[in-house]
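Everything on this sheet refers to the single structure shown next.
Each chain gets a letter, A, B and so on, in the order its sequence line appears, and its residues count up from 1.
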There are 2 protein chains.
Amino acid sequence: MSTMQKIFDSFQERQARLEQSENPLSHGAALIEGKISSLYEARIPILDQGFLHSDLTYDVPAVWDGKLFRFDDHLDRLEASCKKLRLKPPMSRDEIKQATIDLIAKSGIRDAYVQLIVTRGFRFVREPASSDTPDSNFIYILVMPYIWIMPPQLQQIGGEAIVARTVRRIPPGAIDPTVKNLQWGDLIRGLLEAQDRGSQYPFLTDGDANITEGAGYNIVFVKDGALYTARKGVLEGVTRRTVFDVAEANNIPVHIDDVPTSLAFEADEIFMCTTAGGVMPITKLEGSPVGNGEIGPITKLIWDGYWALHYDPKHTVEIKYEE
Amino acid sequence: MSTMQKIFDSFQERQARLEQSENPLSHGAALIEGKISSLYEARIPILDQGFLHSDLTYDVPAVWDGKLFRFDDHLDRLEASCKKLRLKPPMSRDEIKQATIDLIAKSGIRDAYVQLIVTRGFRFVREPASSDTPDSNFIYILVMPYIWIMPPQLQQIGGEAIVARTVRRIPPGAIDPTVKNLQWGDLIRGLLEAQDRGSQYPFLTDGDANITEGAGYNIVFVKDGALYTARKGVLEGVTRRTVFDVAEANNIPVHIDDVPTSLAFEADEIFMCTTAGGVMPITKLEGSPVGNGEIGPITKLIWDGYWALHYDPKHTVEIKYEE
């Protein structure tokens, strides 16, 4: 993590400038039914099935230092999720792309968490198509300042995780976790348990003694120089894919398979990964140090590689901000 | 079901009168942040965690022929659900009661589906309490014309159900189904499968060869004069409790236990039950007749008893409509 200080320092500088902005959208912006508004004033119809039955999918690309990262990969996943749920966004892929880029530019936010949410709209799946209710799905686009699931200060020493014991992850046979969704009932139980136990980061099992994922992040274990992460019952994270890319470039073997809970307690290093925070070291598990209790060399290498790719033109789209 | 014709006829009369109403709330009304609006115009903040993580609970009492049915039982369950999710509605029980009754009265809807939704509000459980975001939960109250999961015409001959094979019910260890929730991912997959197979009514298993519940309804099987229904992995329905009350009054034994899938195929009668439709006979399962394919005597008896209780002052609150 030789680059950590530099990455965080330059982020803090941009953040300080953002906080001085007088652009009303600089706190967050939303595009809803063709209208742009401040995120804090944005409202949606209560009758949207996306609220009434959480019948929706979404994706979260991020903007880092004025550049959208792996936007096409996020759009690919969003399209695949829509297909699985039989949703059709009311805009084409190119229109979504352009509207998102425009909204980011208008907001002036150079480090942004972006949410593209496609909902069922007014018509419930139970209603026949002949019903009065129009048969079209909705899309909501949100742009807000970058979110850190693990704050920069904590990333420098690593966080503490627990293996949740009062809740298990929803099995894929009930809700398919590869379709990114907002049905967080199990993850919220995990977060509450973690808080009760003095942690912020729950790891959920599959109910069959394997680790799956946490509340919005994949989990990667390092053992004897190789990475281990769950194959099933988890979101196929774009951040995790970037972790695999960095590992491959550094000849670190990656095992995508069942991850027995016992491995978590034998790991040399642990990190979590997600768009909202990147690569997040875990140095304590259930009160005991992971490895020697310090951020390990492979985590550091992945961390540097992950952020370096945010400046690689192959993976980024430069936003042209209105000045 | 000697009373069916009378019940449906009088409902149709009231319905015809409602359709002629010029009250703008007669299509549906919502109470959101202290303001009453037409349901179709009602909007909620997109930043409500009730939308952003489906972090909410709700309950559905109904009004029948101008009388709220078992309102206190629904409020009891709502309170218990809030407690389990650590939610605190921003109104007291008495205030919720009064606001609901007032909204129904204002709408003029004499047969209503009522939704009380308590959401986490602006603050995500991950955010520390010291955060800028106010630490209070939201309540939304919706009143709309009565919803029939099985329409009156179909109740007269019975519907066709399937046992879903592409999806299982979320296990209670992941999301507790006794906390009524809108995380319908599994139920929606069930509905889509049912539609693909020419049915509207999926029965979901627990993934361990037991029947749980369907998309918004409990399921009751009749075999050799006794009722069988799932003990675990299901909502503890208020309508189902009324079914038990009617059964008890008629000396019909009730078994609340695991219900093996095989029992579904050996049942003499099957019915579903929910506030949105009452007692709904299933006369065909996976293309084969249930029993002799006609609505059976115990289903009929339960049907009559269920609707009779809607006129029992012990269970009802009379609404005073503005004329």
[Y]/[X] salt bridge by N-O under 4.0 Å criterion:
X: A:R43; Y: B:E33; answer: yes
X: B:R77; Y: B:D59; answer: yes
X: B:D196; Y: A:R86; answer: yes
X: B:R197; Y: B:E193; answer: yes

Looking at [options], which has the largest count of heavy-atom pairs under 4.5 Å with chain B?
options: A:G28, A:A194, A:A42, A:G50; value: A:A42
options: A:L187, A:I149, A:T166, A:T119; value: A:I149
options: A:I32, A:I117, A:V125; value: A:V125
options: A:L182, A:V167, A:L56; value: A:L182
options: A:M144, A:R126, A:Q200; value: A:R126

When heavy-atom pairs shorter than 4.5 Å are enumerated against chain A, which of B:I46, B:D55, B:I44 gives the highest number?
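If we count pairs closer than 4.5 Å to chain A, B:I44 comes out on top.
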Shorter than 4.5 Å, heavy atoms on both sides: which option in B:E41, B:Q195, B:R120, B:Q183 has the most such pairs with chain A?
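Maximum pair count with chain A is reached by B:Q183.
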Engaged part of B:L191 at the chain A interface, taking heavy atoms whose separation is under 4.5 Å:
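Only the side chain of B:L191 comes within 4.5 Å of chain A.
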Relative to chain A, which segment of B:A215 carries a heavy atom at a distance below 4.5 Å: side chain, backbone, both, or neither?
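For B:A215, the contact with chain A is made by backbone and side chain together.
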For A:Y217 and A:F203, take the angle between the two ring planes, folded into 0 to 90°, and tell me which bin it lands in: parallel under 30, tilted 30 to 60, perpendicular over 60.
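Judged by the thresholds at 30° and 60°, the geometry between A:Y217 and A:F203 is perpendicular.
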Side chains of A:K84 and A:T178, heavy atoms from C-beta outward: is any pair under 4.5 Å?
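Touching, per the 4.5 Å side-chain cut-off.
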Name the region of [X], side chain, backbone, both or neither, that has any atom closer than 4.5 Å to a heavy atom of chain B.
X: A:Y58; answer: neither
X: A:L142; answer: side chain
X: A:L204; answer: neither
X: A:A164; answer: neither
X: A:Q115; answer: side chain

Using distance alone, with no hydrogens and no angle criterion, decide if A:T261 and A:T205 have a side-chain donor and acceptor under 3.5 Å apart.
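No, A:T205 and A:T261 have no side-chain donor paired with an acceptor closer than 3.5 Å.
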Does the side chain of A:T212 pick up a donor-acceptor pair with the side chain of A:D206 at under 3.5 Å?
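No, because no side-chain N or O of A:T212 sits under 3.5 Å from a partner of the opposite role on A:D206.
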For this output row, return yes or no: ring centroids of A:F122 and A:F138 closer than 6.0 angstrom.
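Ring-ring flag for A:F122/A:F138: true, centres closer than 6.0 Å.
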Measuring centre to centre across the rings, with the benzene-like ring taken for any Trp, is B:W184 within less than 6.0 Å of A:F124?
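They qualify: ring centres under 6.0 Å apart.
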Given A:T57, which partner from the list A:L78, A:L116, A:N181 fulfils the side-chain contact (heavy atoms from CB on, under 4.5 Å) test?
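Of A:L78, A:L116, A:N181, side-chain contact (heavy atoms from CB on, under 4.5 Å) with A:T57 is met by A:L78 alone.
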Are B:I282 and B:M272 close enough, and set up right, to give a side-chain contact (heavy atoms from CB on, under 4.5 Å), and what steps lead you there?
CA-CA 7 Å; B:I282 290 295; B:M272 316 186 300; 3.7 Å; yes
CG on B:L31 to CG on B:L103, rounded to 0.5 Å
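Rounded to the nearest 0.5 Å, the CG-CG separation comes out at 6.0 Å.
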Toward chain A: residues of residues 168-177 of chain B with heavy atoms under 4.5 Å:
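B:R168, B:R169, B:I170, B:P171, B:P172, B:G173, B:A174, B:I175, B:D176 fall under the 4.5 Å cut-off.
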